[in-house]
*Asks:* 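First the structure, which I've put down as structure tokens, then a few questions once you've had a look.
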Amino acid sequence: MARSLFRAGYFVGAPLCAGLGRCGRCRVRYLSPPPQPLPSEIRRLGDAALADGWRLACLRPAQGGERLALAATGPAPAYDPAAVTGSLDGDNPLGLAVDIGTTGLAWRLVGLADGSVAAEGRGVNPQLGVGGEVVSRLAFALEPGGGAYLRDLVLDVIAQKAALAGDRLAGLCVAGNSAMVSILCGKELSGLAHAPYGLIWRAGEAVPLGRGLPPAYIPPLLGPFVGADLSAGLTALLRQKPAYPFLLADLGTNAEMILGLAPDRFLAASAPLGPALEGVGLSQGALAGPGVAVSFELTPAGLTPVLFPGSDAPATTSGIAGPGYLALAALLAEQGVLDTDGRFAQTPAPTPLGARLRRMVATDHGEPVFETAGYRLFASDVEELLKVKAACNLAVASLLRAAGLSTADLAGVHLAGAFGVKVAPDDLETLGFFPPGLAGRVQVAGNLSLAGATLFLTEPESRTTAEALPAVTTIVPLVDASPGASDASDAFIRRMVFTYVP
């Protein structure tokens, strides 16, 4: 039912969990006798709401003829407000650089002559209401009319930002993962949606989008799930002359990684992470924004949330962003409240502080939950974080194994994307996303995809560098195919622990 409502114009831009029954944002109230509540609805909505007829649309198939009232989800928060940093006046030709993530959409208007930034901002991908991960986006796009609907949602945003430049807009570059740019450009999606996965369209060309926009340059795709965002980001990073070997990691709904071995040799891997790192699908998950906890720290008063920069303390709990969940889990693991396998510990705590924190673990509908200052971490949230950790760990280990490198060999890790700006590298190491000893070599790179898209506009000759990357980049499978090696499920399950597994 949630998909039907999305197609009808509801939930646009709302961070929904796509049928997991966990985020609660798709709640609807039946104006006729409601169906019997499901276990997920009982836990997520509570007795009072259930008695009043509220249910979760993502768990209910549309039968036709339902009369419903929808909860006011409100607009999904922008990560950063749009800002005019320069001048939109004058006659200098402008270019619009856009980075389309599965969750967020960042943009920048730049002077093509001097590279000056006239305006920039970041908000949500309006397609988010159909689901927070690539799989749900592709599934909807393959429905009749689904791809055109998703395309128009993003084109509306691009056209709105382009209108700021008026008739001075002379260039457009759009970077993003393979699925996002393929949907935008109306390309065949079967190679991305079904095994065996492969690229039917490789981009690296200008594509007409209509709406009076200039043709959009789409950077090349390196693999089915290593997209134009990585080729743009790698091009921007290479301009900084990084020391080899290096790891470029962009963590979001996918882990997209490139291991740079030499200027003419790169290995790439990707792993599906799901939307948890974006704060979607967890019990109190929220996109990073005002009033949202982006970290936690230990104080004399106990565990205290660190709010999104510039936030006032909310009257009620506003939610926890992905980096906040990792920070909370890392602190609880360090204090012995969480075992390595992700369970709330039953053995004696190693410290008095750990013992005090353990007393904050209770149960809700039979499920263990840790609560501090109104923020709650359920056992099922920890399980989702373990899945994300296992996938990321597997991608890193696969790249290092393919290159014959150890952690000590890496000159540095460049952590790209919006998530990379807010997450603490120490938390990633504590939880086993990265090998021990690597946190000190992590450099926050920011939105390299947007930086690359900007570069392709202001220095068109740099596109040559990007277009040469597919020929020197090898996609590394996440499972060792040699005889006797473990299969994919075993390799993943072995890494479902809060410690790095080589």
Side-chain angles (χ1 to χ4, degrees), residues 18-20 22 133-136 138-139 178 191-198 223-226 247 249-259 267-277 281-282 322 325-326 329-330 333 338-347 368 378-410 413 427-438 474-502:
L20 297 177
R22 294 180 53 81
E133 76 294 325
V134 170
V135 173
S136 61
L138 287 170
S178 301
L192 303 175
H194 307 294
Y197 301 106
F225 302 106
V226 184
L247 181 67
D250 190 340
L251 307 183
T253 55
N254 281 334
E256 295 179 88
M257 300 184 185
I258 292 179
L259 182 59
L267 304 180
S270 65
L273 302 185
L277 293 186
L282 300 176
Y325 269 106
L326 295 187
L338 283 175
D339 282 338
T340 302
D341 63 5
R343 289 181 290 186
F344 286 105
Q346 302 297 317
T347 55
F378 281 88
S380 54
D381 295 328
V382 179
E383 182 179 3
E384 292 301 313
L385 296 180
L386 274 174
K387 293 175 184 176
V388 172
K389 178 269 164 186
C392 183
N393 181 168
L394 183 55
V396 175
S398 298
L399 284 171
L400 292 177
R401 182 180 62 245
L405 297 179
S406 69
T407 307
D409 296 320
L410 286 177
V413 176
D427 293 339
L428 294 174
E429 184 174 311
T430 296
L431 297 175
F433 282 70
F434 289 158
L438 202 55
T474 301
I475 303 297
V476 173
L478 296 186
V479 180
D480 186 354
S482 60
S486 60
D487 61 19
S489 59
D490 179 60
F492 180 83
I493 291 170
R494 286 191 297 109
R495 291 171 172 83
M496 284 274 290
V497 288
F498 284 136
T499 187
Y500 180 78
V501 178

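Just so it is clear, the values below take in all heavy atoms, side chains as well, and ignore hydrogens, waters and symmetry mates. Quick caveat: nothing in here was measured; it's all calculated off a predicted structure.
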*Asks:* Donor-acceptor check, side chain of Glu429 to backbone of Leu438, threshold 3.5 angstrom: yes or no?
*Replies:* yes
*Asks:* Listed by chain and number, what are the ring pair (Phe, Tyr, Trp, His ring centres under 6.0 Å) partners of Phe225, not counting sequence neighbours?
*Replies:* Tyr197
*Asks:* Could you give the distance from CG (Leu277) to CG (Leu326), rounded to the nearest 0.5 Å?
*Replies:* 5.5 Å
*Asks:* Mind checking the CG-CD1 spacing from Leu247 to Ile258? Nearest 0.5 Å is all I need.
*Replies:* 9.5 Å
*Asks:* Nearest heavy-atom pair of Val388 and Ala276: which atoms, and what distance?
*Replies:* CG2-CB, 3.9 Å
*Asks:* Are the side chain of Ser178 and the backbone of Gly223 linked by a donor-acceptor contact shorter than 3.5 Å?
*Replies:* yes
*Asks:* Using the test side-chain contact (heavy atoms from CB on, under 4.5 Å), find all partners of Ser398 that sit at least two apart in sequence or belong to another chain.
*Replies:* Leu394, Arg401, Val476, Leu478
*Asks:* Side chains of Leu385 and Leu431, heavy atoms from C-beta outward: is any pair under 4.5 Å?
*Replies:* no
*Asks:* Can you check whether Arg343's main-chain N or O pairs, donor with acceptor, with Asp341's side chain at less than 3.5 Å?
*Replies:* yes
*Asks:* With a 4.5 Å limit on heavy-atom distance, are the side chains of Phe433 and Asn393 in contact?
*Replies:* no
*Asks:* With no hydrogens and no angle check, just 3.5 Å: does a side-chain donor-acceptor pair link Ser406 and Asp409?
*Replies:* yes
*Asks:* I'd like to know if the side chain of Gln346 reaches the main chain of Phe344, judged simply by a donor and an acceptor atom lying under 3.5 Å from each other, with no hydrogens or angles considered.
*Replies:* yes
*Asks:* With a 4.5 Å cut-off on side-chain heavy atoms, are Lys389 and Leu428 touching?
*Replies:* no
*Asks:* Judged by modelled atom types alone, do Ser380 and Glu383 share a side-chain donor-acceptor pair under 3.5 Å?
*Replies:* no
*Asks:* Would you name the heavy atoms of Pro502 and Arg495 that are closest together and state the gap between them?
*Replies:* O-NH2, 2.8 Å
*Asks:* Looking at every non-hydrogen atom in both residues, tell me the closest pair between Val226 and Ser270 and how far apart they are.
*Replies:* CG2-CB, 4.0 Å
*Asks:* Check for a donor-acceptor pair, side chain of Glu384 on one end and backbone N or O of Lys387 on the other, with a separation under 3.5 Å.
*Replies:* no
*Asks:* For residues Asp427 and Ala330, report the shortest heavy-atom separation together with the two atoms involved.
*Replies:* OD1-CB, 3.6 Å
